[in-house]
Amino acid sequence: MPLTSMFYAALIVASLALQSSAAPTTTSSKYSLVADYSGSSFFNGFTAYTGADPTNGNVDYRSMKYGAEHGLLGFVNNNSTNSLNAYIGVDYKNKMPNRDSMRLSSKQTFDAGTITVMDVVHAPVAFGTWPALWMLGDVPGAEWPSAGGEIDILEWVHETPFNAMTLHTGSGCSVQNSTSAFHGQLQHTNCNAGQGSDGCSIQAPKHLATKTGTLATAGKGFNDQGGAVFVVDWTAQGVSMYMFARHNVPADIVAGKPDPASWNAVPVAKFSGAGCDYTTSLSDAVIIADTTFCGQWAGDVWTSSGAAAATGVKTCAEYVENNPAAFSEAYFEIRSIRVFADGGRKPGVATKAKRDVNELQSFPMISVGDRHNCTDAAEGLRSGMATGSYNATVIGLRESRRAHGHRSAHHHGTLTLSNHTTP
Ligand SMILES: *[C@@H]1O[C@H](CO)[C@@H](O)[C@H](O)[C@H]1NC(C)=O
Ligand SMILES: *[C@@H]1O[C@H](CO)[C@@H](O)[C@H](O)[C@H]1NC(C)=O
Ligand SMILES: *[C@@H]1O[C@H](CO)[C@@H](O)[C@H](O)[C@H]1NC(C)=O
Ligand SMILES: *[C@@H]1O[C@H](CO)[C@@H](O)[C@H](O)[C@H]1NC(C)=O
Ligand SMILES: *[C@@H]1O[C@H](CO)[C@@H](O)[C@H](O)[C@H]1NC(C)=O
Ligand SMILES: *[C@@H]1O[C@H](CO)[C@@H](O)[C@H](O)[C@H]1NC(C)=O
């Protein structure tokens with residue numbers, strides 16, 4: 001399809017809110033929609049995890065009821081379509097040693113043979129934060145990372161402009177470094193590296209070239225451009241993760257009939273090769289959105305990344321406790337998460353995640369229109385305190401072994417960040 005008509009087709013169908021009943025394109029798809037988290041029912045598909053953070057962050061994960069009552073959870077109206085985006089945020093008004101946040105987990109599970117499409121408008125970017133959109137195996141009676149592994153789709157710390165896409169699995173899963181097959185850079189071929197803590201991680205480039213410009217994969221650039229659409233194509237042959245600008249999403253996806261063969265796009269990350277069984281090392285995965293603070297990644301690289309120098313605050317914990325306004329941009333705004341399955345195979349039911357006893361049916365409207373001013377306040381605060389330059393070279397950590405983690409830090413490779421200097 002010529003570029004211009006594809007662009008308009010995408011726009012037109014996008015305005016139909018990606019309904020599966022939209023007219024199919026000429027592609028042949030064996031996939032059909034099996035889960036749709038969007039609009040006013042977005043949160044119905046999730047439960048809130050309220051336990052301790054397995055990565056030892058300075059965070060209190062709250063229930064849905066608490067979140068709705070304290071402005072952590074709600075809807076943002078898209079005035080141009082009069083549709084609702086889900087807002088998943090953190091406290092940015094009060095000083096608190098453990099900052100209030102949410103960790104939402106889907107009630108359904110998914111397996112190989114699915115295409116997951118996440119339309120993300122905004123994601124947390126702030127010193128001290130460690131946000132993630134990811135999938136976690138929910139196999140009963142087994143321990144992480146052997147309980148169906150982990151697939152990380154959006155994950156970063158502080159203000160890094162590099163997204164990291166990662167698989168964490170039990171032993172016996174290694175992937176190929178076919179550098180021409182994806183845009184990012186593979187850190188390890190062994191997805192059990194560091195006993196799963198490091199996993200096989202692919203660092204996305206800072207920007208991807210698109211048909212109409214560039215797409216930032218993380219950081220402030222990600223939010224300034226209005227986010228991106230993530231597409232995870234998980235088959236028995238591997239896991240490919242794509243990022244598209246919203247207006248460049250392939251028309252077959254927009255039409256609800258995804259056909260990967262027609263995309264003609266290079267994924268940001270591709271985990272493939274015969275060294276892994278992608279149907280068993282990874283399985284029964286719930287979808288999770290969470291933001292934690294400090295802990296085993298953001299906290300451990302506080303000094304080495306230059307975040308301490310940039311903020312003028314010695315520890316991540318102190319910064320998170322005392323500077324609420326710095327977290328006004330630490331929120332996810334998600335238009336939709338949709339899962340398509342080969343042959344329409346039905347999702348499974350999550351069994352491990354303890355269900356939030358305070359699940360709700362309705363959520364407040366949240367305004368994000370004034371957030372940039374809060375951010376300016378945070379910038380002012382930060383530059384006022386800053387004494388050095390934000391070198392922004394984050395040295396990942398090799399994490400010490402964790403006896404019984406189910407969510408772990410990783411990235412002991414070096415993530416080189418942009419080198420901006422605070423005035
Ligand atoms: C609002 O909807 C329009 C039309 O579909 C879309 O282009 C735009 O990206 C949406 N904005 C947000 C913030 O969701
Ligand atoms: C959307 O509309 C509401 C209600 O009219 C208004 O308060 C809000 O500022 C608008 N948001 C944007 C981003 O225009
Ligand atoms: C994969 O190949 C790239 C390009 O040659 C290289 O930079 C990277 O270190 C390799 N990764 C691994 C894990 O071998
Ligand atoms: C942001 O701050 C400026 C200057 O203080 C003010 O004029 C403007 O109205 C504010 N914008 C919002 C959306 O609050
Ligand atoms: C930035 O940090 C790296 C790693 O700690 C260090 O090697 C480099 O010299 C630093 N650069 C500046 C300009 O401080
Ligand atoms: C980072 O900034 C410092 C100070 O401006 C400069 O000396 C250094 O070369 C820069 N490093 C990179 C990698 O751009």
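Along the sequence shown, the residues carry numbers beginning at 1. In listed order, ligands and their atoms are each counted from 1.
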List ligand 1 atoms under 4.0 Å from Thr81, heavy atoms only on the residue side. 2 (O), 3 (C), 4 (C), 5 (O)
Here the atoms of ligand 3 under 4.0 Å from any heavy atom belonging to Leu186 are 8 (C), 10 (C), 11 (N), 12 (C), 13 (C)
Contact check, Ser80 vs ligand 1, heavy-atom distance below 4.0 Å: yes
Side chain proximity check, Ile253 to Ile115, heavy atoms < 4.5 angstrom: no
Protein heavy atom at shortest distance from atom 10 (C) of ligand 3: Asn177 ND2, 2.4 Å
Ionic contact status for Asp36 with Arg338, cut-off 4.0 Å: yes
May I ask you to identify, for Arg246, whether its side chain, its backbone, both or neither come under 4.0 Å of ligand 1 on a heavy-atom basis? side chain
Atom 7 (O) of ligand 3 has as its nearest protein heavy atom Gln185 NE2, 3.2 Å
Can you check whether Ser240 reaches Lys270 side chain to side chain, under 4.5 Å on heavy atoms? yes
I need the nearest protein heavy-atom contact for atom 5 (O) of ligand 3: residue, atom name and distance, please. Thr179 CG2, 4.0 Å
Heavy atom to atom 11 (N) of ligand 1, shortest distance: which of Val76, Asn85, Asn78 holds it? Asn78
When you look for heavy atoms under 4.0 Å from ligand 3, do you find them on the side chain of Gln187, its backbone, both, or neither? backbone
Output the list of atoms in ligand 1 that are nearer than 4.0 Å to some heavy atom of Val121, sorted by atom number. 13 (C), 14 (O)
Sole residue of Tyr49, Phe43, Phe42 in ring pair (Phe, Tyr, Trp, His ring centres under 6.0 Å) with Phe46: Phe42
Would you call Asp111-Arg345 a salt bridge at under 4.0 Å N-O? yes
Could you label the plane-to-plane angle of the His168 and Trp144 rings as parallel, tilted or perpendicular, counting under 30° as parallel and over 60° as perpendicular? tilted
Could you check whether any side-chain heavy atom of Leu154 comes within less than 4.5 Å of a side-chain heavy atom of Phe332, counting everything from C-beta outward? yes
Would you check the N or O atoms of Glu333, main chain and side chain alike, for any that come under 3.5 Å of an N or O of ligand 1? no
Trp156 and its ring pair (Phe, Tyr, Trp, His ring centres under 6.0 Å) partner, picked from Phe162, Trp130, Phe222: Phe222
